[in-house]
Structures are given as C-alpha cells and as structure tokens.
Amino acid sequence: MRTFRVELGSDAHSVHVGAGALDLTGRLAREAGIAAGRVLIVTDSNVARLYGERAGAALESVGFAPRTLEVAPGEQSKSFATLERVYDAMIAAELDRSGAVFALGGGVVGDLAGYAAATYMRGVALVQIPTTMVAQVDSALGGKTAVNHPRAKNLIGAFYQPRLVVADVATLQSLPEREFREGLAEVIKYGAIMDAPMVEELEHGLSAILRRDPVALEQMVARSLHHKATIVASDTREDGLRKILNYGHTAGHALEASSGYGNFLHGEAVAIGMVAAGKLSQALAGLSAAEAERLERLIARAGLPTAMPAGWRGEEFVRAMRLDKKRAGDGVEFVLLDRLGHALTRKLSFAEILAHLE
Ligand SMILES: NC(=O)c1ccc[n+]([C@@H]2O[C@H](COP(=O)([O-])OP(=O)(O)OC[C@H]3O[C@@H](n4cnc5c(N)ncnc54)[C@H](O)[C@@H]3O)[C@@H](O)[C@H]2O)c1
Ligand SMILES: [Zn+2]
C-alpha cells in the first residue's frame, strides 16, 4: 500500500492506495481522528452488492456502528431528492457533529455524500472510498462536492476536503471495460500537463494496466492522485494553477453538452478534447508534432476515441463553449501544452479555436 499526505493546512489529510485497502478503512479512519461511534455509509446499489458488506465489517471491526444508505446508481442520484434522502439517513443514524460519512462508490456517490457531509450540521467528517477509475484518479481528492440542478450539472456545491481517502485498486477489477478505460483519459492528462516521464511509463506499461495488473494499477492511481494533490494543495479553489487540470475539458465539455453526437462518457469526451487541444497547442503554443502524435497514439491505445464525431458542427460547438464556466467574452481560457509535461493557459477566441479544429 502507498500512503501520502495532502498538505492543506488544517485540512491536511492522508491518502492510501492499494489492493485490499478497503478492509483497513476502519483502522485508517480511527488513525485519522474519527472518534465517533455512529457513522453513515453512502453507496449505490451496484457497489453495495459488491463491497457493502466488507466496508461495514471493516468499520465494525474497530467499534464503529455503521448504517448504510443505498442510492440508485447513476448521475440521476446527484439530485435534490436524493440529497434529502442522505440528510434523512444522517438524522436517522443520529449523526452528531463528531459523526462521519463514508462515501463508498464512484464520483456520483462521492459528490453527493460529500455535499451532504459539507452541509449537515455545517460539516461532519467525510471519508472517500472511491471504487471507479474516475473516482480513484480524480474525484475522490480535491474537495469538490456537488449535486446537479435540473438546469445545470454541479451547480449546487461546496469545496469540502475529505478527512481521509482510501482507494482500493482491487475494486477496479469489477468495473465494466468501458468505465475502466474512461478513467484512463484523466491519467493520461496528468502526464500531458505535468509529468512527461509518466507518459513514457504509460507507453511502456499500458498493456499491464489494461490487463488490470494490481501492481500497475496501484502505481498509476497513486501517481495520479499525488499529482492532483500537488496541484490542489497549491490552489484549493481553482483560481490559478488548478486550471491546468482542465486540459482537454473545454472541448470535451462542449462535446458532452452539444447533444446529437452520440453518448460520450465524460472521459471519452475529454480524450477527444485532449487531441483537439493538442492540435491547438501545436499551432499556438509550440508543442512539437511528434509529442502531439505520441499523446494521440497513447489515447488511442487506451481504447479511447480521438476524432471529433462525424458531422460535428462548429456553430453548435461554439454555442456549447459559450456556456463554459471559463468563458471570457468572445473566447475562453484554454489549457495548452508548450511541451509534453508542461501546460499553460491562454485566452483563445472561439474563431481561433474553430479555425484549428476544422
Ligand atoms: N468532484 C470532482 O472533482 C469530480 C471529478 C470528476 C468527476 N466528478 C463527478 O463524478 C461523476 C462520475 O463518476 P463515475 O464515473 O465514478 O460514475 P458513477 O459514480 O456513476 O459510477 C459509474 C458506474 O459504476 C458502478 N460502479 C462503481 N464502482 C464499481 C465497481 N468497483 N465495480 C463495478 N461497478 C462499479 C456504479 O454503480 C455506476 O453504475 C459525475 O457526476 C462527475 O460530475 C467529480
Ligand atoms: Zn474530467
């Protein structure tokens, strides 16, 4: 198991990554200073079936009395209605301010339970136990929590740091292939924006990762979370450096938002967005053609899409980009690479973006 600290002052916390870490969650929570008896596990019904019992046993083994709330799997559960169910379960479990919420599942459960933990009694301890690739390499760390408004995703949220993150890479074995590969987009992103040697290691080690070799997974998840921790520690509220984590996301979000292109998973849209950003980086920031091609090849080998969908239309794309949170007037703050492993942000006009994508 690999362990490191996220240095966030009074919000500093530990991250543990390894096969079998789930069974140690109780002891790790005690070590992290969670003293209460009454705690709530929030999970979805898929994850409950696979890992619910083990999580409960791990907590009971050190004297916690956990209750469990199961929500329906999927994005629909990041809703006001489900949030209310989480509060109800917290009250029914008699959680007081010394209580804790354990988010066992993917990004949906993490964001939902995280927001509930941030707001219940103005904040109770939160433990993230991510079980998807997306959650293990991205959403479990960083403190972004949210539910969706019927009109906009993640509109209602809070920055709220977990007290502990426990990523058991063995849980990735049960993920469907498409969801597994989706998460690799964010892994490749860390290499692209801040760690060129990681790109090289992914090039060599990709087959072991795709076989879900436990050692390869542990190394990859730990390195990804460590990179995210470094960036988050320097910029907890996304005013500066943290923006580079959006590499591939401006075009990716536009693809996700402009309907009619088929249903991309987030990571798949980001994969296409990273290839598009690579082209822009070549044209506008000095990224070499060879490095842009290496990234594109790696993304393709990970089984992710690289090309804009057939029949995509520029004006629809711009309409979607206008809704981007990073929009500034007639353009958007875009993340580019000047070389492999190094990112910068630059304001690009929509016209400029389209000119290089078409
Ligand atoms: N807070 C952040 O910083 C951040 C970052 C990225 C994404 N997100 C959010 O995360 C959400 C997406 O997360 P996700 O991709 O993990 O989706 P998810 O939580 O919906 O999980 C995907 C599916 O996998 C199932 N599942 C979970 N773990 C499993 C396992 N080990 N084996 C088999 N099946 C399993 C779930 O039941 C679900 O059906 C989005 O709502 C997104 O907004 C948040
Ligand atoms: Zn993302």
Side-chain angles (χ1 to χ4, degrees), residues 19 22 42-52 54-55 70-79 82 103-115 117-118 126 128-149 152-162 165 167-190 192-193 212 217 221 224-225 228-229 231-232 236-238 242 244-253 255-256 264-274 304 335:
L22 175 61
V42 179
T43 188
D44 73 27
S45 49
N46 291 335
V47 180
R49 185 169 34 82
L50 291 162
Y51 306 110
R54 271 176 60 203
E70 266 181 43
V71 304
E75 188 71 25
Q76 67 193 56
S77 282
K78 274 173 63 173
S79 65
T82 313
L104 173 69
V108 164
V109 162
D111 281 10
L112 168 76
Y115 186 68
L126 169 67
Q128 291 282 9
I129 313 171
T131 63
T132 64
M133 184 77 115
V134 166
Q136 290 200 358
V137 301
D138 188 357
S139 62
L141 195 153
K144 282 200 202 177
T145 72
V147 295
N148 301 329
H149 185 275
K153 196 168 144 65
N154 294 331
L155 195 70
I156 313 300
F159 283 102
Y160 192 68
Q161 296 296 336
V165 178
D168 186 339
V169 295
T171 63
L172 301 176
Q173 301 296 345
S174 55
L175 265 191
E177 189 65 17
R178 192 175 170 199
E179 275 76 13
F180 179 83
R181 289 175 184 244
E182 177 198 6
L184 292 176
E186 308 283 353
V187 174
I188 295 169
K189 180 190 77 179
Y190 294 118
I193 61 173
R212 307 192 196 184
L217 291 182
V221 170
S224 297
L225 283 182
K228 182 153 185 192
I231 290 190
V232 167
T236 50
R237 299 187 68 91
E238 208 171 35
R242 191 165 176 171
I244 68 171
L245 290 173
N246 283 314
Y247 185 67
H249 281 62
T250 303
H253 284 150
L255 265 183
E256 283 180 282
F264 289 115
L265 296 177
H266 171 73
E268 293 168 346
V270 168
I272 296 171
M274 286 196 291
L304 292 162
V335 186

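Ligands are counted one by one from 1 in listed order, and the atoms in each one are counted from 1 as well.
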- prompt: With a 4.5 Å heavy-atom cut-off, do M274 and L304 have their side chains touching?
  reply: no

message: Whether E75 and K153 form a salt bridge (side-chain N of Lys/Arg under 4.0 Å from carboxylate O of Asp/Glu) is what I want to check.
response: yes

task: Provide the number and element of each atom of ligand 1 under 4.0 Å from a heavy atom of N154.
output: 43 (O)

query: Which residue holds the protein heavy atom closest to atom 44 (C) of ligand 1, what is that atom called, and what is the gap in Å?
result: D111 OD2, 3.3 Å

task: Identify, by atom number and element, the atoms of ligand 1 in contact range of E75, meaning under 4.0 Å from any of its heavy atoms.
output: 40 (C), 41 (O)

- line: heavy-atom search around atom 5 (C) of ligand 1 in the protein gives S139 CB, 3.4 Å

message: Whether the side chain of Q136 engages the backbone of V221 through a donor-acceptor N/O pair (distance < 3.5 Å, no angle test) should be reported.
response: no

message: I need the atoms of ligand 1 closer than 4.0 Å to a non-hydrogen atom of V47, numbered in the order shown.
response: 26 (N), 27 (C), 28 (N)

- prompt: Which atoms form the tightest heavy-atom contact between G107 and T132, and what is the distance?
  reply: N-OG1, 4.1 Å

query: Considering only N, O or S atoms, which atom of H249 is nearest to the Zn ion (ligand 2)?
result: NE2

task: Determine yes or no for a side-chain-to-main-chain donor-acceptor pair under 3.5 angstrom, with R212 supplying the side chain and V169 the backbone.
output: no

- request: Using a strict cut-off of 4.0 Å, indicate which atoms of ligand 1 neighbour a heavy atom of G107.
  value: 10 (O), 11 (C), 13 (O), 14 (P), 16 (O), 19 (O)

message: Suppose we measure from atom 24 (O) of ligand 1 to each protein heavy atom; which comes out shortest, and what is that distance?
response: T132 CG2, 4.1 Å

- prompt: Heavy atom of Q128 under 4.0 Å from ligand 1?
  reply: no

query: Does ligand 1 have a heavy atom under 4.0 Å from the side chain of H266, from its backbone, from both, or from neither?
result: neither

message: Please find the pair of heavy atoms, one from V71 and one from T82, that lie closest to each other, and give the distance.
response: CG1-CG2, 3.5 Å

query: Is the closest basic N to carboxylate O distance between E177 and R181 below 4.0 Å?
result: yes

- prompt: For D44, is at least one N or O under 3.5 Å away from an N or O on ligand 1?
  reply: yes

task: Confirm or rule out an N/O/S atom of E186, from backbone or side chain, lying less than 2.8 Å from the Zn ion (ligand 2).
output: yes

Flag, side chain of Q128 to backbone of V165, donor-acceptor distance under 3.5 Å: no

query: Do ligand 1 and E179 have nitrogen or oxygen atoms that lie under 3.5 Å from each other?
result: no

- request: Check for a donor-acceptor pair, side chain of N246 on one end and backbone N or O of H249 on the other, with a separation under 3.5 Å.
  value: no

- request: Ignoring hydrogens and angles, tell me if any N or O in the side chain of Y160 forms a donor-acceptor pair with the backbone of K144 under 3.5 Å.
  value: no

field: Atom indices of ligand 1 within 4.0 angstrom of L50 heavy atoms, with elements
entry: 32 (N), 33 (C)

Identity of the N, O or S atom of H266 lying closest to the Zn ion (ligand 2): NE2

Atom indices of ligand 1, in the order listed, that fall short of 4.0 Å to a heavy atom of K153: 40 (C), 41 (O), 42 (C), 43 (O)

Expected output: side-chain S224 to main-chain V187 donor-acceptor under 3.5 Å: no

Main-chain N/O of D111 paired with K78 side-chain donor or acceptor, under 3.5 Å: no

query: Got the closest protein heavy atom to atom 6 (C) of ligand 1, with its distance?
result: D138 OD2, 3.6 Å

field: Mode of R49 contact toward ligand 1 - side chain, backbone, both, neither (heavy atoms, under 4.0 Å)
entry: neither

field: Distance-only N or O hit between ligand 1 and V108, under 3.5 Å
entry: yes

field: Whether Q173 side chain and A170 backbone form a donor-acceptor pair below 3.5 Å
entry: no

message: So does N46 get a backbone contact from the side chain of Y51, meaning a donor-acceptor N/O pair under 3.5 Å?
response: no

query: Which of the atoms of ligand 1 are close to N46, meaning less than 4.0 Å from one of its heavy atoms?
result: 36 (C), 37 (O), 39 (O)

For ligand 1, the portion of T131 having any non-hydrogen atom under 4.0 Å away: both

message: My question is simple, although I want it checked carefully: is atom 33 (C) of ligand 1 less than 4.0 angstrom from any protein heavy atom?
response: yes

message: Give me the residue, atom name and distance of the protein heavy atom closest to atom 29 (C) of ligand 1.
response: L175 CD2, 3.7 Å

task: Please state which part of T145 comes within less than 4.0 Å of ligand 1, counting heavy atoms only: side chain, backbone, both or neither.
output: neither

message: Taking 4.0 angstrom as the limit and counting only heavy atoms of S174, give me the atoms of ligand 1 inside it, by number and element.
response: 30 (C), 31 (N), 32 (N), 33 (C)

message: Whether the side chain of T43 engages the backbone of E70 through a donor-acceptor N/O pair (distance < 3.5 Å, no angle test) should be reported.
response: no

